[in-house]
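A short worksheet on the structure shown next.
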Amino acid sequence: MKTAYEATAAFARSMDAADPLAPFKNQFHFPQHNGQNSIYFCGNSLGLQAKTVEAAIRQELKDWQDMAVEGYFRAKHPWLYYQYNFSTALAAMMGCSEEEVTVMNTLTVNLHLILQSFYRPGKERCRIIMEAGAFPSDQYAIETLVQLHGLQPDETIVEIHPRAGEKLLRTEDILQTIREQGPSLALVLMGGINYYTGQFYDMPAITAAAHEAGAYAGWDLAHVAGNIPLELHNWDVDFAVWCSYKYLNGGPGAAGGLYVHERFGNDPAFPRLGGWWGNDEKTRFKMEKGFVPRSGAAGWQISTAQVFNMVALKASLELLHQAGIRQLRNKSIALTGYLEYLLQQLPLPCEIITPADPQQRGAQLSLFFPENGKAIHTKMMEQGIICDYREPGVIRLAPAPMYCSFTDVFRLYEVLRNFSV
Ligand SMILES: *Cc1c(COP(=O)(O)O)cnc(C)c1O
């Protein structure tokens, strides 16, 4: 569907009136600016708090007050099984079975953990392909992992760079690099969406190429979870990790997500680091010797569920699931398309570096300012437009479809129109 956009408040209002997801906006708390809701385009960094969160936290506090240890079994949402509260919603978003997904720890911790299973370098097959300019935490994780195995990062990590004069990666170059590495390649690890450019990579093609080379394919989906519907199982992705505080609105430090394909999850001999929460429930409390992993991603659980880091996520996922990831995506394509259209009407001294093709991006547009990017960002913030700035030179705008409206996007346009930049 191609909408003929118009740069008028009336057009934005008519889009909001026709939007079946519009009522969800009122279910979230917005930071205030001059007594009004800010325009919040930072959901790719920290999602907003759903209004249902406070009562949900009170419930857990109360159950702890009233029942203490009994709450593991008798709380309204028994803590012993707390991580199962997310299975249905996450499986629908990620395109996998409920067994293939679990929630625990935080993203980088889960990345380290799962790489104990999926990165066991041999003499020849030891290389890791990443995108150049990956999120720093991923870079640090891989650099130190490689060193832990006694290998040299600069000989072991193969970074794929954009071609000279370009800012995005071409799929053909990624596939070519994978083919070139061939038998020396152990792992392809990429962000599903690059945090800086907003480029959404061709996950099925890259995963297939990694497998053809005899390597695993793992994905950091921090910027994808809750943003773009996936088919992790059908694409044969080996593993994926994500955080829950961006588009999933789980709150700062919320427990992160893990996907592991069932061929590993159903193989108890597949190596991993264990703990009692990943042990078969039937024998967990027998306190016996001999780790027996639960089937599925749950077999990578280690410790007791971090209930208070999961409550807000539970409340938020209920709303996201109700909205539906495909409906969210449809709205997102239209909303981000409208943002792009409005920006193109303005004489801004910047370039939108995110792909123009909606299939190659999510909600985010990255605006590259060769100069003054930081100053322009400060001015936007002063006008109640919450967005962020990433060195070098990029203002990221991410209208999350769950709580951003076409009118929000239009208000941003009005603010920018009034800048004499
Ligand atoms: C936000 C983000 C992270 C954050 O990792 P934490 O361990 O949750 O702090 C990691 N990777 C990417 C690509 C991100 O965008």
Side-chain angles (χ1 to χ4, degrees), residues 41-48 83 86 90 93-94 101-116 118-119 128-145 157 159-160 168-169 174 187-201 203 206 217-228 230 232 237 239-259 300 302-303 306 308-310 312-313 316-317 353-354 360-366 386-391 394-398 400:
F41 288 160
C42 232
N44 57 340
S45 187
L46 183 73
L48 293 181
Q83 60 275 28
F86 315 100
L90 287 177
M93 282 179 191
M94 295 299 170
V101 73
T102 197
V103 169
M104 59 189 194
N105 313 311
T106 42
L107 193 164
T108 312
V109 172
N110 286 335
L111 185 59
H112 275 303
L113 196 60
I114 200 65
L115 286 173
Q116 295 304 311
F118 285 94
Y119 185 66
I128 302 176
I129 287 182
M130 300 180 77
E131 84 260 41
F135 192 79
S137 197
D138 300 35
Q139 293 189 42
Y140 304 149
I142 298 300
E143 175 191 335
T144 53
L145 174 72
I157 303 168
E159 292 196 335
I160 308 177
L168 303 174
L169 292 183
I174 301 171
L187 172 72
V188 176
L189 180 82
M190 293 181 61
I193 289 179
N194 181 273
Y195 78 99
Y196 176 81
T197 63
Q199 180 178 13
F200 178 46
Y201 299 114
M203 293 180 58
I206 294 166
W219 293 90
D220 176 340
L221 302 177
H223 281 266
V224 186
N227 183 9
I228 298 179
L230 302 174
L232 294 183
V237 166
F239 69 89
V241 290
W242 57 92
C243 54
S244 300
Y245 46 79
K246 292 172 181 170
Y247 295 97
L248 295 181
N249 309 322
L258 171 73
Y259 154 91
W300 274 265
I302 291 188
S303 299
Q306 300 148 279
F308 285 96
N309 282 345
M310 296 175 161
L313 177 62
S316 163
L317 278 182
I353 61 171
T354 306
Q360 295 179 55
R361 69 186 186 202
Q364 171 185 330
L365 293 184
S366 299
I386 301 185
C387 56
D388 71 15
Y389 177 79
R390 286 288 180 269
E391 294 290 355
V394 160
I395 293 177
R396 305 189 303 174
L397 300 172

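Just follow the structure's listing: the first ligand is 1, and inside any ligand the first atom is 1. Any value given below was found using the heavy atoms of this structure, including those in side chains, with hydrogens, waters and symmetry copies removed.
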**Report entry** Inter-residue atom distance His223.NE2 - Gln364.CD, 0.5 Å rounding
**Finding:** 6.5 Å
Query raised in the report: Would you say Leu230 and Trp219 make side-chain contact, with heavy atoms under 4.5 Å?
Result: no
Report task. Report the residues that fulfil side chain to side chain contact (heavy atoms under 4.5 Å, CB included) with Val101, sequence neighbours left out, ordered by chain and then residue number. Result -> Leu90, Cys96, Trp242
**Report entry** Ser45 OG to Ile386 CD1 distance, which is reported to the nearest 0.5 Å
**Finding:** 11.0 Å
Report task. Could you walk me through whether Thr197 and Ser366 pass side chain to side chain donor-acceptor pair (under 3.5 Å), step by step? Result -> CA-CA 6 Å; Thr197 63; Ser366 299; over 6 Å; no
Query raised in the report: Parallel under 30°, tilted from 30 to 60°, perpendicular over 60°: which one fits the rings of Phe135 and Tyr195?
Result: perpendicular
Requested in this report: Could you please provide the protein residues found below 4.0 Å of ligand 1 on a heavy-atom basis, arranged by chain and number?
Outcome: Leu107, Thr108, Phe135, Asp138, Asp220, Ala222, His223, Cys243, Tyr245, Lys246
